[in-house]
There are 2 protein chains.
Amino acid sequence: MSTIETSPPATPPTTRRRQARATATRTALLDAALEEFAAHGFEGASTRAIATAAGTHQPQINYHFDSKEELWKSAVDHLFGRLDDAVREHLGAADPGWGSRAGFAANIHAFVRAAAGLPELNRIMVQEATIDSERLQWIVERHTRPRFELVTEQWRRLRADGVVADIDETVLYYSLVGAASLAYVNAPEARLLGHDTLADSFIEAHATALVTMFLGADEETAR
Amino acid sequence: MSTIETSPPATPPTTRRRQARATATRTALLDAALEEFAAHGFEGASTRAIATAAGTHQPQINYHFDSKEELWKSAVDHLFGRLDDAVREHLGAADPGWGSRAGFAANIHAFVRAAAGLPELNRIMVQEATIDSERLQWIVERHTRPRFELVTEQWRRLRADGVVADIDETVLYYSLVGAASLAYVNAPEARLLGHDTLADSFIEAHATALVTMFLGADEETAR
DNA sequence: GTCTATAATTAGATAGAC
DNA sequence: GTCTATCTAATTATAGAC
């Protein structure tokens, strides 16, 4: 029927436009919240400042997210989604998986580049992980634990097969994540020291160096 | 003269006791401030909570330190002093210096152990380094830059001599500091994941692993 | 759904008694 | 030097007009 291309009488254009506007407000609030939470921590961030940065007013936060805490959770979920997207993008179509030295190396490379592009993620993580709280418990069960289990499990296998160095998997996890993220978490500090850690040349040198240090020289290449 | 062992008339015991009490209050406030600032960041920390944790009242902070900002600076100075003490202690009497592989290794080992014992230090650093501010500029010029210059200068020399891997010194600095500190900064998170990163066994395995990864296997030992 | 106005709480800092 | 009481400003959340 030809009524398909006309707007349904039950939902007039004004409603649709209002919904689109509401979605835009929500998105703007999420983006602004990420920056504020990353810069000042949950308790130090101001909902007024977030709303102003999003170009709207402070009560909109309670309308769209109920509370400051729910806004934070939504922002963190959104951020981990972007991390997964970025890692997948950097891995490319031919994802080699984690089960070999080359696969683990590709994932380190992709994670370093993703971490550089999303400094807010590790800034929020490091600010929340310093003290036990309901928020930390929420983020650990929802986001950290699955990733921790994946990396440590794969390292354990490679280690058992003698492919990588004889290093405890928890030691490996925190050393690797710390080595991969601090240069971007502390980018403002590095800039004051005279170094641009967000430059492509730094990121590439960093990723390559980490693969060499954590996995050793590639014997395939050495032959 | 025998008057030496009697208390001087100009400074009666009550004054001395009051001064001792004041020093105790100052110290208690500094210790409490370190925990609060490390846990919640500068803006999230409450001077009321700090005073209560120190067993005194909130106006004492303004009396002893003028402002919240001055309290923070005093706490950070105190903390870096403790870091230097801890590193010196872990190095022991026979400090080999930085100028050789063994010396660099000894300093990595000592820094890991010191970082594990002072998690507040890297927590405060990572919270301040995420955004440019007057506090960040203060801490960089006063504490970070001298340490950054020392480490990168020594690495540059060892690298030029072919003693260590061909890795940029800024890449090395942030990878090393990040790898050495995250397990202790994020100790509450690790505990929720079921791992005690503050245990001696973890610290020792961690320090040994970092030396191997960043400096390669010791050829002296390999012979 | 968005706005203004405001309630209720908490923040850092100050005044003044002792 | 330490305390109680309080000031001013900022916080999150809510009420109600439009």
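The sequence lines fix the lettering, A, B, ..., with proteins before strands; numbering per chain opens at 1. None of the values given here were measured: they were computed from a predicted structure.
Side-chain atoms of Glu189(B) and His195(B) form no donor-acceptor pair, as typed in the model, at a separation below 3.5 Å. Counting only N and O atoms by type, the side chains of Asp168(A) and His206(B) include no donor and acceptor under 3.5 Å apart. Side chains of Tyr173(B) and Glu149(B): a donor-acceptor N/O pair is absent below 3.5 angstrom, by distance only.
Look at CZ on Phe65(B): it is 16 Å from C1' on dG12(C), rounded to the nearest Å. The nearest whole Å value for the distance from the CG atom in Asp66(B) to the P atom in dA13(C) is 10 Å. Lys68(A) has its NZ atom 12 Å from the C1' atom of dA10(D), to the nearest Å. At whole-Å resolution of the value, CG in Asn62(A) and P in dT2(C) are 14 Å apart. Atom pair Glu69(A):CD and dT11(D):P shows a separation of 19 Å (rounding to whole Å applied). Atoms NE2 (His40(A)) and C1' (dT12(D)) sit 17 Å apart, rounded to a whole Å. Rounded to an integer number of Å, the gap from Ile61(B) CD1 to dA13(C) C1' is 11 Å. Atom CD1 in Ile50(A) sits about 12 Å away from atom C1' in dT11(D), given to the nearest Å.
Side-chain proximity of Thr47(A) to dT2(D), dT12(D), dC3(C): nearest is dT12(D). Nearest to the side-chain atoms of Arg48(A) among the listed nucleotides dA13(C), dT2(D), dT11(D) stands dT11(D). In this structure, of dC3(C), dA11(C), dT2(D), it is dC3(C) that holds the atom nearest to the side chain of Gln60(A). For Pro59(A), the listed nucleotide lying nearest its side chain is dC3(C); candidates were dC3(C), dA13(C), dT2(C). Looking at the side chain of Tyr63(B), the nearest of the listed nucleotides dT12(D), dG1(C), dT2(D) is dT2(D). Nearest nucleotide to the Ser46(B) side chain, out of dA13(C), dT2(D), dG12(C): dG12(C). Taking the side chain of Thr25(A) as heavy atoms from C-beta on, and the options dT2(C), dA13(D), dT2(D), the nearest nucleotide is dT2(C).
Residue Ala45(A) is in sugar-phosphate contact alone, with no base atom involved, counting any heavy-atom pair closer than 4.0 Å across all strands shown. Looking at heavy-atom distances under 4.0 Å, Gln58(B) makes contact with a base.
Classification of the Tyr174(B)-Phe148(B) ring pair by plane angle, with boundaries at 30° and 60°, yields tilted.
The shortest distance between the side-chain N/O atoms of Thr56(B) and the OP1/OP2 oxygens of dC3(D) is below 4.0 Å. Side-chain nitrogen and oxygen atoms of His57(B) include none within less than 4.0 Å of the OP1 or OP2 phosphate oxygen of dG1(D).
Within 6.0 Å of CD on Glu35(A) lie no more than 12 heavy atoms contributed by other residues, nucleotides or ligands.
When each of Glu128(A), Lys68(A), Gln127(A), Glu120(A) is tested with Phe37(A) by the rule side chain to side chain contact (heavy atoms under 4.5 Å, CB included), just one qualifies, namely Lys68(A). A side chain to side chain contact (heavy atoms under 4.5 Å, CB included) with Arg123(B) is found for one member of Ile131(A), Val126(A), Thr130(A) and no other, namely Thr130(A).
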Practice item. Check step by step if ring pair (Phe, Tyr, Trp, His ring centres under 6.0 Å) holds for Trp155(B) and Phe104(B). Key: CA-CA 8 Å; Trp155(B) 181 266; Phe104(B) 208 98; 5.5 Å; yes

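Residues from residues 71-79 of chain B with heavy atoms under 4.0 angstrom of DNA chain C: there are none.
Comparing Glu43(B) and Gln19(A), the nucleotide of DNA chain C nearest to each residue sits closer to the 5' end for Gln19(A).
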